[in-house]
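All values reported here derive from a predicted model rather than from experimental measurement.
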Amino acid sequence: MSPAVALRAVPDIPAPEPIASKGPALLRFITCGSVDDGKSTLIGRMLYEAQLVHDDLLDALARDSRKFGTQGDKLDLALLVDGLSAEREQGITIDVAYRYFATPRRSFIVADTPGHDQYTRNMATGASTADLAVILVDARKGVLPQTRRHSFIVSMLGVRHIVVAVNKMDLVGYQQAVFDGIVAQYREMAARLGFDAVTPIPISALEGENVARRSTAMPWYAGPSLFEHLETVEISASAAPGVRFRFPVQWVNRPNLDFRGFSGTVAGGVIRPGDEIAALPSGRPSRVRRIVTQGGDLDEAVAGQAVTLTLDDEIDVSRGDVIVAVGDGLTARKAFAGRLLWMSERSLGNGEEFQLRLASATAAARVSVLGAVDIHSFEPAAADGLGMNEIGLVTVALDRPVALTDYRGDRELGAFILVDRVTGDTVALGLVDAGAASLVRGADAVARRAGGTGPAAAVRRHLAEGLVAGWRAGLIEEASWRLLSGLGMAALTQAVLGDWRLTIAAGLLEALLRPALRFAHRKGWRALEQRRLARAAYDADGSGI
Amino acid sequence: MIQLTHLEKLEAEAIHIIRETVATCDNPVMLYSIGKDSAVLLHLALKAFYPGPLPFPVLHVDTTWKFREMIAFRDQRAKELGLDLIVHVNQEGVRAGVNPFVSGSRVHTDVMKTQALRQALDMHKFDAAFGGARRDEEKSRAKERVFSLRTAEHRWDPKSQRPEPWRLYNTRKRPGESFRVFPLSNWTEADVWDYVARENIPVVPLYFAAPRPVVVRDGALIMRDDDRMALRPGEVVETRMVRFRTLGCYPLTGAVESTAATLPEIIAEMRGSRSSERQGRIIDHDGAGSMEQKKQEGYF
């Protein structure tokens, strides 16, 4: 009997309900862990148990198992997911693969992400849209550096629900002591990562223990199987989109002179016709007239909906702008602090320029590296460059103002990628994080380089650089204006008062004293802003570091 | 507050991707294969730009071996919707006499589909081409990006794909490079049919069961759509109640026996099925990794 036939002899469970087309019954999760932890085998097992592996694919699998399989005569379920030739040859997962399956209670999108060091970026990509992460740990090996790295990245990207799947329990005789030891080890490591829930489950993906059905081999374990947990876990509201209305404009729809609509996907909150809005960065106010869709105008639009808005006034709005509710408090900025995951094989030097993409906005961005996070201690340390898969604390100066805010409060306007301007490659993913810069504690090297006495000086310097760059461009125009307005003032004084001393005083006042006062005033405001940023850093919750 | 359903989320995501392409690429085109996925894709594109018209043409790469009903359906839809329809045939292939019977499915697909597509894209200088491929269709497609970069030679390099975190798509490309854009990446076969039903989208009648003339060849039920298909010794044309789960060139597309003649019946049948959607596609089985290889060569 061929293995495929043997497998098909599994008693027929009723086919799962169709992928739910109603209700929030969709869970997006990722699987991650070190190389050879059995992630692909686990996903293959889940697809198989969810009756998603069709007969013709089982036949192909039986064929492939003989050719590439690593499980002797058994079916190698990993081959269901490792679809690229290179992956089959090397027996590893290279790229993130998305899988779709449903059980009677929920439908799932799984990102199967590679364990290999080199492909951490693909793992981060999967984590960016996940509600939950299944972190696999090999029962024989325990918590490895890669487990720490993945847990950290998952935390940084805002995933709050973790399943620690201790796999290959069959290879350690299903011993409770092994499981308990690993769980304790993981909990200690993850204590600082700010997860809402860590659920450990002992499994054997190969044998199917505690995957779809509860295991009889581990009577000491009283918790749910992996499927049971995934079907019932409640994802907390912190992962939900923000409540404030934010709408990055993707495309201006102008089919004729009578219609001018702004198309995009609502990033957060609710909008209704008549609502007062402002367009950033200009800040110009208007009111929503219609919410246009092909199916008819809507009374309201919510986060996640792709719509077209028309406004009462002819204000200038283009792609990259963000329409917000009046009084949102969101501002467009030319410099910000954040975290980066560097994804390119070539390393990042200090002060390099890239194209930044954030929501629908595009800008030139100069990146200054303040520090890097040590993946073992999770501690930030001074650095002036980043290697592949390193996490950096950076400041970014932009060539134009972009509406953005902390990732923690808005996953859409706080997330960005950096694009190499020559090759076009995506070289980094990043999060806006006002507190990131002040995290470089005790980073003396950074402080010295900045010419200040502490990290705060470095932050000030880097943030100021963005402003200075803008000023420099306007310097000639500013000087010419000052000179002209000073001369004008002098001429007027002379004409009216006829006193040459007053004429000189008025001319100098206009040309020199006023800009100096304005500079001092602006500096005062910046200092206030810095103090607010620093406070925000101290108030930061445990997410990430 | 409204809770978006699973289908509404998929719809919004696809519209977002379609708009992103038009906003950032110079000369996009929509690949129209006349199948159900193309029908859904076209429907979504019309939604994305409402009340404006479709801001790009629609391209059908015709191998000259499509079912006649497909071509009739294509022309009718193009007329109804006022589409700017481009039909491209690889005339060199026609002159060389390439056909699925004599040349074999691999050569036929390469010349009349892959090369023909490249010719059409180059001729019109399209820099982005929408396709209706889904990640659940095939293993190498599961690793495909939404914005899939192709070199000036139309090659796909699966090992150096750009990461696509969040909804942030990197649409930067160098001169000559182009994108294949897949707005339906996260849809499953079930989602497509549910959406066709929900939105009342017209699809080719071949998806519904009817008595059709078929020949059993190499284990597949091949519909003899015209007399270019010569019968082998012992083969007889029988009339059977069949339908198609996917549509391609008629000599390369196996029918399934079925009585499902309405949308609800199709959906019910698909959910109970124990075989995968592309099983009837003969070209997929030309060797392990064959889809990946075709994709690398520029196939969709």
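Of the atoms belonging to A:Asp420, it is backbone heavy atoms, and not side-chain ones, that fall under 4.5 Å from chain B. Heavy atoms of B:Tyr169 lying under 4.5 Å from chain A belong exclusively to its backbone. Residue A:Phe259 touches chain B through its side chain alone, counting heavy-atom pairs closer than 4.5 Å. Residue A:Arg254: no heavy atom, backbone or side chain, is found under 4.5 Å from chain B. For B:Ile267, no part lies near chain A; criterion is any non-hydrogen pair under 4.5 Å. Proximity to chain B (any heavy atom under 4.5 Å) is shown, for A:Val252, by neither the backbone nor the side chain. Only the backbone of A:Val307 comes within contact range of chain B, with heavy atoms under 4.5 Å apart. Looking at A:Arg319, only its side chain comes within 4.5 Å of chain B, counting heavy atoms on both sides. Only the side chain of B:Arg174 comes within contact range of chain A, with heavy atoms under 4.5 Å apart. For A:Ala359, the part sitting under 4.5 Å from any heavy atom of chain B is the backbone (N, CA, C, O) and nothing else.
Taking chain B as the reference chain and counting heavy-atom pairs below 4.5 Å, the highest number among A:Thr129, A:Thr308, A:Val419 is found for A:Val419. With chain B as partner, the option from A:Gly304, A:Ser360, A:Ala124, A:Ala127 having the largest number of non-hydrogen pairs under 4.5 angstrom is A:Gly304. Taking chain A as the reference chain and counting heavy-atom pairs below 4.5 Å, the highest number among B:Lys173, B:Glu164, B:Glu20 is found for B:Glu20.
In this structure the side chain of A:Leu157 reaches within 4.5 angstrom of the side chain of B:Trp166, judged on heavy atoms. Two residues are said to be in side-chain contact when any heavy atoms from C-beta on lie closer than 4.5 Å; B:Glu8 and A:Gln305 fail this criterion. Contact annotation: the side chain of A:Arg357 approaches that of B:Thr171 to within less than 4.5 Å [non-hydrogen atoms, C-beta and beyond]. For the pair A:Thr125/B:Arg145, no side-chain contact is recorded, criterion being any heavy-atom separation below 4.5 Å from C-beta on.
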A:Arg28 and B:Asn186: CA distance, side-chain angles, deciding distance, side-chain contact (heavy atoms from CB on, under 4.5 Å) verdict: CA-CA 11 Å; A:Arg28 295 185 79 124; B:Asn186 288 323; 4.2 Å; yes
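Between the CG atom of A:Asp425 and the CG atom of B:Asn170 there is a distance of 8.0 Å, given to the nearest 0.5 Å. Here the CG-OH distance, from B:Asp136 to A:Tyr100, works out to 7.5 Å after rounding to the nearest 0.5 Å. Note that CZ of B:Arg135 and OH of A:Tyr98 are 5.5 Å apart. Values are rounded to the nearest 0.5 Å.
The shortest heavy-atom contact between A:Val292 and B:Pro51 is CG1-CD, 4.3 Å. Nearest heavy atom pair, residue A:Asn253 against residue B:Phe49, reads ND2-O, 3.2 Å. In plain terms, the two heavy atoms of A:Ala306 and B:Ile15 that are nearest each other are CB-CG2, 3.8 Å. The two residues A:Ser128 and B:Pro165 come nearest to each other via the heavy atoms OG-CA, 3.4 Å. Closest approach of B:Leu168 and A:Ala415 over heavy atoms only: CD1-O, 3.7 Å. When all heavy atoms of B:Arg162 and A:Thr426 are compared, the pair lying nearest together is CB-OG1, 3.9 Å.
When atom types are taken as modelled, the side chain of A:Gln250 and the backbone of B:Ala23 share no donor-acceptor pair closer than 3.5 angstrom.
Other residues, nucleotides and ligands contribute over 12 non-hydrogen atoms within 6.0 Å of the CG atom of A:Asn256.
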